[in-house]
Novice: 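Here's a structure for you.
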Amino acid sequence: MWRATALTLFPEMFPGPLGESLAGKALKEGVWSLEAVDIRRFAKDRHGTVDDAPFGGGAGMVLKPDILSAAIEAATQGFGGLPGVSKLLMSPRGAPFSQARAREVAAGPGVLLVCGRFEGVDERVIEAHALEEVSVGDFVLSGGEIAAMAVMDCCVRLLPGVMGAAESASEESFEDGLLEYPHYTRPATWAGPDGTERRVPEVLVSGHHGRVAEWRRQQREEITRRRRPDLWDRRRTAKTNEDQ
């Protein structure tokens, strides 16, 4: 069973949306397990203090190293010494969490996710526990819980048996450096709210699988080139290096 443990000040936020849809079904069936550990349990005073003012001054508070470290140690023991457990700190300054990284995490025994709050986490904890800082986007959230849920969902859907069709994952955005192609379904002709009739591209109803595959490839390249030039340039660079 693949295991996910979230260290958080708000354990009641879990499982949240992870209790629904594919992830929720897999959770109920025992494909994976989820534990939300309350960091405040490891506080040392009756007030449950977990943060303090930053050295050097400045706005906000910082999670105390002794409290958070104790929580991480306890959560790590919960994995029973299994090697290969990913230890992630959700952080806006982290490296972007990618589909490729999700596959690596999903292939292991599980993941420990630290949900930051306030101004951040004492740097010494990050160093001592070799936490990998990851980000889900170039924006700042109130805390790491929503980001942690996104990471869990991304990994869980890659676990064996969670998604129905294996080819669904292989054709998704980011799997090979390209975004996904457009999708259409019945009716073949549809009039939108502006009254304009819009038809499904003719190639998709042609029954010619080769032409459909080629159209989808072209669409993926065009959409990626237009919407994500960074991905397109990275893909072109990789192909150039392969050809050399």
Novice: Rounded to the nearest 0.5 Å, what separation is found between the CG atom of Asp52 and the CG atom of Leu63?
Specialist: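 Atom-to-atom, Asp52:CG and Leu63:CG are 11.0 Å apart.
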Novice: Which heavy atom in Pro54 sits nearest to a heavy atom in Val62, and how many Å separate them?
Specialist: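 In terms of heavy atoms, the two residues are closest at CB-CG2, 3.8 Å.
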Novice: For the atom pair OG (Ser86) and CZ (Phe79), what is the distance rounded to the nearest 0.5 Å?
Specialist: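 Result: 9.0 Å between the selected atoms.
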Novice: Does Lys44 pair with Asp66 as a salt bridge, N-O distance under 4.0 Å?
Specialist: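 Asp66 and Lys44: salt-bridged.
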Novice: Can you see which heavy atom on Val212 is nearest to which on Ser206, and at what distance?
Specialist: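 So the minimum-distance heavy-atom pair works out to CG2-OG, 4.5 Å.
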Novice: Please check if the number of heavy atoms outside Ile146 that lie under 6.0 Å from its CD1 is greater than 12.
Specialist: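 No - once you tally the heavy atoms of other residues, nucleotides and ligands closer than 6.0 Å, there are 12 at most.
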Novice: Got a donor-acceptor contact below 3.5 angstrom from the Arg235 side chain to the Asp176 backbone?
Specialist: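 Looks like yes, one N/O pair under 3.5 Å.
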Novice: How far apart are the C-alpha atoms of Val114 and Leu88, what are their side-chain angles, what is the distance that settles it, and do they pass the side-chain contact (heavy atoms from CB on, under 4.5 Å) test?
Specialist: CA-CA 6 Å; Val114 179; Leu88 309 181; over 6 Å; no
Novice: Does Trp190 share a hydrophobic cluster with Leu204, counting links as ILVMFWY side-chain heavy atoms below 4.5 Å and allowing steps through other members?
Specialist: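 The answer is no; the residues belong to distinct hydrophobic clusters.
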Novice: A side-chain contact here means heavy atoms from C-beta on lying under 4.5 Å apart; do Ile67 and Ile39 qualify?
Specialist: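 In short, these two side chains touch, coming nearer than 4.5 Å.
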Novice: Ile223, Trp215: one ILVMFWY side-chain cluster at the under-4.5 Å cut-off?
Specialist: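 No, because Ile223 and Trp215 fall into different hydrophobic clusters, even though each may have its own neighbours under 4.5 Å.
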Novice: State, yes or no, whether a side-chain contact exists between Val125 and His129 at a heavy-atom distance under 4.5 Å.
Specialist: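 Yes, side chains in contact.
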Novice: Kindly determine whether Glu20 and Lys25 satisfy salt bridge (Lys or Arg N to Asp or Glu O under 4.0 Å), including the steps that lead there.
Specialist: CA-CA 7 Å; Glu20 306 296 332; Lys25 182 173 182 288; over 6 Å; no
Novice: Does Phe139, at its CZ atom, have more than 12 non-hydrogen atoms belonging to other residues, nucleotides or ligands within less than 6.0 Å?
Specialist: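 Counting other residues, nucleotides and ligands, CZ of Phe139 exceeds 12 neighbours.
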Novice: When you look at CG of Asp45, are more than 12 heavy atoms from neighbouring residues, nucleotides or ligands closer to it than 6.0 Å?
Specialist: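 Buried by this count: over 12 neighbours within 6.0 Å.
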Novice: Take Asp233 and Arg236 through the test salt bridge (Lys or Arg N to Asp or Glu O under 4.0 Å) and record every step on the way to the result.
Specialist: CA-CA 5 Å; Asp233 290 344; Arg236 285 197 308 171; 3.3 Å; yes
Novice: Work out which heavy atom in Cys155 is nearest to a heavy atom in Ala106; give both atom names and the distance.
Specialist: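 That would be O-CB, 3.6 Å.
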Novice: I want to check something: taking the side chain as every heavy atom from C-beta on, are Phe10 and Asp38 in contact at a cut-off of under 4.5 Å?
Specialist: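 SC-SC contact between Phe10 and Asp38 ruled out.
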Novice: Would you give the length of the straight line joining atom OG1 of Thr196 to atom CZ of Arg199, rounded to the nearest 0.5 angstrom?
Specialist: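 CZ of Arg199 is found 14.5 Å from OG1 of Thr196.
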Novice: After noting the C-alpha distance and the side-chain angles of Glu214 and Gln218, does the key distance pass the side chain to side chain donor-acceptor pair (under 3.5 Å) rule?
Specialist: CA-CA 6 Å; Glu214 176 61 19; Gln218 292 175 352; 3.0 Å; yes
Novice: Is there side-chain contact between Cys115 and Met13, with heavy atoms separated by less than 4.5 Å?
Specialist: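 In short, these two side chains do not touch, never coming nearer than 4.5 Å.
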Novice: Would you name the heavy atoms of Lys28 and Gly19 that are closest together and state the gap between them?
Specialist: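 Heavy-atom minimum between the residues: NZ-O, 3.2 Å.
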Novice: Checking the side chain of Trp32 only, and the main-chain atoms of Met152 only, is there a donor and an acceptor separated by less than 3.5 Å?
Specialist: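 It does not hold such a pair.
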Novice: Quick one, Val111 with Trp2, criterion side-chain contact (heavy atoms from CB on, under 4.5 Å). Give me CA distance, side-chain angles, the key distance, then yes/no.
Specialist: CA-CA 8 Å; Val111 61; Trp2 192 82; 3.4 Å; yes
Novice: Answer yes or no: is there a donor N or O on one side and an acceptor on the other, between the side chain of Arg211 and the main chain of Val203, under 3.5 Å?
Specialist: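 No.
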Novice: Which pairs count as salt bridge (Lys or Arg N to Asp or Glu O under 4.0 Å) when at least one residue sits in residues 85-102, sequence neighbours excluded?
Specialist: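 Residue pairs passing salt bridge (Lys or Arg N to Asp or Glu O under 4.0 Å), neighbours aside: Arg93-Glu123, Arg93-Glu133, Arg101-Glu104, Arg101-Glu132.
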Novice: Let's go through Arg124 and Asp122 carefully: what are the C-alpha distance in whole Å and the side-chain angles of both, what is the deciding distance for salt bridge (Lys or Arg N to Asp or Glu O under 4.0 Å) to 0.1 Å, and is it a yes or a no?
Specialist: CA-CA 5 Å; Arg124 294 168 293 181; Asp122 192 298; 2.8 Å; yes
Novice: Measuring from Glu222:CD to Trp232:CH2, what's the distance to the nearest 0.5 Å?
Specialist: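 Answer rounded to 0.5 Å: 8.5 Å.
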Novice: Counting N and O atoms only, with roles assigned by atom type, does the side chain of Thr224 sit under 3.5 Å from a partner on the main chain of Leu179, one being a donor and the other an acceptor?
Specialist: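 Yes, because the side chain of Thr224 sits within donor-acceptor range (under 3.5 Å) of the backbone of Leu179.
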Novice: Within a strict 4.5 Å, meaning less than it, do heavy atoms of the Pro109 and Arg3 side chains meet?
Specialist: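 The answer is no, as the side chains (C-beta and beyond) never meet within the 4.5 Å cut-off.
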Novice: Locate the shortest heavy-atom distance separating Ala59 from Glu119; write the atom from each residue and the value.
Specialist: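 So the two residues come closest at O-CG, 3.2 Å.
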Novice: Would you name the heavy atoms of Gly116 and Leu89 that are closest together and state the gap between them?
Specialist: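 Looking at all heavy atoms of both residues, the shortest contact is N-CD1, 4.5 Å.
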Novice: Would Leu18 and Leu27 count as a side-chain contact (heavy atoms from CB on, under 4.5 Å) if you check the C-alpha gap in whole Å, the side-chain angles of each, and the deciding distance to 0.1 Å?
Specialist: CA-CA 8 Å; Leu18 296 172; Leu27 187 62; 5.7 Å; no
Novice: Can you tell me if Arg186 has over 12 outside heavy atoms packed within less than 6.0 Å of its CZ?
Specialist: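 Atom CZ in Arg186 is not packed in, count stays at 12 or less.
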Novice: Please round to the nearest 0.5 Å and tell me the distance separating atom OG of Ser135 and atom CZ of Phe97.
Specialist: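 CZ of Phe97 is found 11.5 Å from OG of Ser135.
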Novice: Does a side-chain N-to-carboxylate-O contact under 4.0 Å join Glu221 and Arg225?
Specialist: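 The answer is no: the pair does not qualify as a salt bridge.
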Novice: With sequence neighbours left out, what residues match His183 under ring pair (Phe, Tyr, Trp, His ring centres under 6.0 Å)?
Specialist: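 Partners of His183 under the ring pair (Phe, Tyr, Trp, His ring centres under 6.0 Å) test: Tyr181.
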Novice: Do Asn241 side-chain atoms and Thr237 backbone N/O form a donor-acceptor pair below 3.5 Å?
Specialist: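 Checked: pair present.
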Novice: Flag the pair Leu158 / Val156 as yes when at least one side-chain heavy-atom distance between them is below 4.5 Å, and no otherwise.
Specialist: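 Counting from C-beta outward, Leu158 and Val156 never come under 4.5 Å.
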Novice: side-chain contact (heavy atoms from CB on, under 4.5 Å) between Glu180 and Gln219: does it pass, once the steps are laid out?
Specialist: CA-CA 8 Å; Glu180 198 168 3; Gln219 289 293 310; over 6 Å; no
Novice: Could you walk me through whether Thr8 and Glu145 pass side chain to side chain donor-acceptor pair (under 3.5 Å), step by step?
Specialist: CA-CA 7 Å; Thr8 172; Glu145 287 78 14; 2.6 Å; yes
Novice: Look up atom CZ in Arg216 and atom CG in Leu178, then write down how far apart they are to the nearest 0.5 Å.
Specialist: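 The CG atom of Leu178 is 14.5 Å from CZ of Arg216, to the nearest 0.5 Å.
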Novice: State, yes or no, whether a side-chain contact exists between Val136 and Met90 at a heavy-atom distance under 4.5 Å.
Specialist: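 When only atoms from C-beta onward are counted, Met90 and Val136 do touch, with a gap below 4.5 Å.
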